[in-house]
Amino acid sequence: MPKLQIHQFPCLSDNFGVLIRDGDAGVVASIDAPDAKAVAAALASQGWRLTHILTTHHHGDHTGGNLTLKNETRCTIIGPRGEAAKVPGIDKQVGEGDTFKFGGHEVRVLDTPGHTAGHITYWLPSANVAFVGDTLFAIGCGRVIEGNAEMMWQSLQKLMALPKETSVYCGHEYTQANARFALTIEPENEALQRRAKEVDQMRAAGKATLPTTIGLELATNPFLRPHSAAIQKRLGMAGKPEWQIFGEIRERKNRS
Ligand SMILES: [Fe+2]
């Protein structure tokens, strides 16, 4: 299997930038482009030359660097078909079921709408990695801005079906606040209790809490656990459809 190098770095106030490289093929992609200067500095730190930007969704803190980076590097910008008009500099539009090659790796595109109407996820099965933008966060999920709870729940279920060992890279470092909220929804979850402590230690040491994995999220993320009897009981929603329980958790987070 071709090797995939991954370099994650913090940028803007709480965003992550991520660069991926297949050295044999000489390709380097920025997953989203929150800030052109930060992406350029990260490229320089690795000695890498940008060839692609893979956009997950149109928000400015994910696309603000697109045009500057494209002007500087002539990179190809790939982004969501469902909101292509809002993605600056887009060259190639992709959506559910599309695949394309990044060096020796196949990239599979999943539609994961809800945070925005056209949000997509990039999954590289050969490298066991997924770039989920603002759909799923560590112990949390994105705000449902352009969709509804049922749509977001369907998107999250697609991610839940990925192999448990899949490394998940998300758009923001929100994990500590997410853990505090999650403990109000499922305080008896021991895996969550342990993880919340680990997250506190990592943040105190100035470390990033990402990437996460699908398996870890399935065990600790309340947004992926509406089937939990303890959660259903706490919310007084025993036996209700999972998307409605998900929606209630999302509403409570919005108010927290
Ligand atoms: Fe966003």
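Remember, it's 1-based here, ligands and their atoms both numbered in the order they're listed.
Inside a sphere of radius 2.8 Å centred on the Fe ion (ligand 1), the protein N/O/S atoms present are H57 NE2, H59 ND1, H115 NE2, D134 OD2.
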- Message: Using side-chain contact (heavy atoms from CB on, under 4.5 Å), reason through H227 and E242 one step at a time and then give a plain yes or no.
- Response: CA-CA 6 Å; H227 56 276; E242 291 186 345; 3.4 Å; yes

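At a threshold of 4.0 Å, the pair K253-E251 does not count as salt-bridged, since none of the basic side-chain nitrogens sits closer than that to a carboxylate oxygen. Classification of E96 and K158 as a salt-bridged pair holds, one side-chain N sitting under 4.0 Å from a carboxylate O.
In this structure, H57 and H59 have perpendicular ring planes: the angle between them is above 60°, well past the 30° mark. Between H115 and H119, the angle of the ring planes goes over 60°, which puts this pair in the perpendicular group of the 30/60° scheme.
With side-chain heavy atoms closer than 4.5 Å counting as contact, directly or through intermediates, M202 stands alone and belongs to no larger hydrophobic cluster.
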